[in-house]
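I have placed the structure first, in the form of structure tokens, so that the comments after it can refer back to it.
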Amino acid sequence: MTDTPREALAHAGEDDLARAAAQWRASGEPPGLTEETESGALTALSTLARRAHDRGHRLYCWWSL
């Protein structure tokens with residue numbers, strides 16, 4: 001992943017994450033996600049991005065459905 005999404009996630013506040021979760025939910029993709037699942041995933045990603053930023057590391061993502 002490029003540094004741009006890492007930085008956005010690292011500096012996102014609770015309101016930013018809530019808005020992103022709402023937009024994600026509105027997209028309907030993937031189907032069946034709950035508000036709790038989306039919020040939890042974004043919070044975990046934000047925490048990971050913050051740690052990577054603080055340590056000068058990058059984020060690498062692998063997603064499998």
Side-chain angles (χ1 to χ4, degrees):
M1 136 177 329
T2 66
D3 291 342
T4 302
R6 182 200 66 188
E7 291 300 304
L9 284 164
H11 294 97
E14 288 183 34
D15 290 341
D16 299 318
L17 295 174
R19 276 193 300 278
Q23 290 174 343
W24 188 8
R25 191 168 42 264
S27 77
E29 293 295 328
L33 287 181
T34 66
E35 182 176 350
E36 183 177 316
T37 301
E38 292 162 344
S39 294
L42 289 174
T43 298
L45 282 171
S46 179
T47 301
L48 182 64
R50 197 170 298 115
R51 283 194 313 228
H53 169 81
D54 291 348
R55 295 175 181 166
H57 294 167
R58 304 199 63 197
L59 288 182
Y60 297 87
C61 292
W62 177 70
W63 186 295
S64 177
L65 298 176

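- Leu17 CG to Leu45 CG: the interatomic distance, rounded to the nearest 0.5 Å, is 9.5 Å.
- Between the side chain of Arg6 and the backbone N or O of His57, at least one donor-acceptor pair lies under 3.5 Å.
- Around the CD atom of Glu7, the shell of radius 6.0 Å holds more than 12 heavy atoms that belong to other residues, nucleotides or ligands.
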Verdict with supporting geometry, Arg50 and Ser46, side-chain hydrogen bond (donor to acceptor under 3.5 Å, both in side chains) | CA-CA 6 Å; Arg50 197 170 298 115; Ser46 179; 3.0 Å; yes
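- Between Arg58 and Asp3, the closest side-chain pair of non-hydrogen atoms falls below 4.5 Å.
- Atom OG1 of Thr37 is separated from atom CZ of Arg25 by 10.5 Å, given to the nearest 0.5 angstrom.
- The shortest non-hydrogen separation linking Leu33 to Glu29 is CD1-O, 4.5 Å.
- Note that CG of Leu48 and OG1 of Thr43 are 12.5 Å apart. Values are rounded to the nearest 0.5 Å.
- By the 4.5 Å heavy-atom criterion applied to side chains, Glu38 and Thr34 are not counted as neighbours.
- Atom CG of residue Leu9 and atom CG of residue Leu42 lie 7.5 Å apart, to the nearest 0.5 angstrom.
- Within the 3.5 Å criterion, the main-chain N or O of Gly13 finds a donor-acceptor partner in the side chain of Asp16.
- At distances below 3.5 Å, not a single donor-acceptor pair connects side-chain atoms of Trp24 with backbone N or O atoms of Glu35.
- Side-chain atoms of Ser39 never come within 3.5 Å of backbone atoms of Glu36 as a donor-acceptor pair (strictly under, hydrogens ignored).
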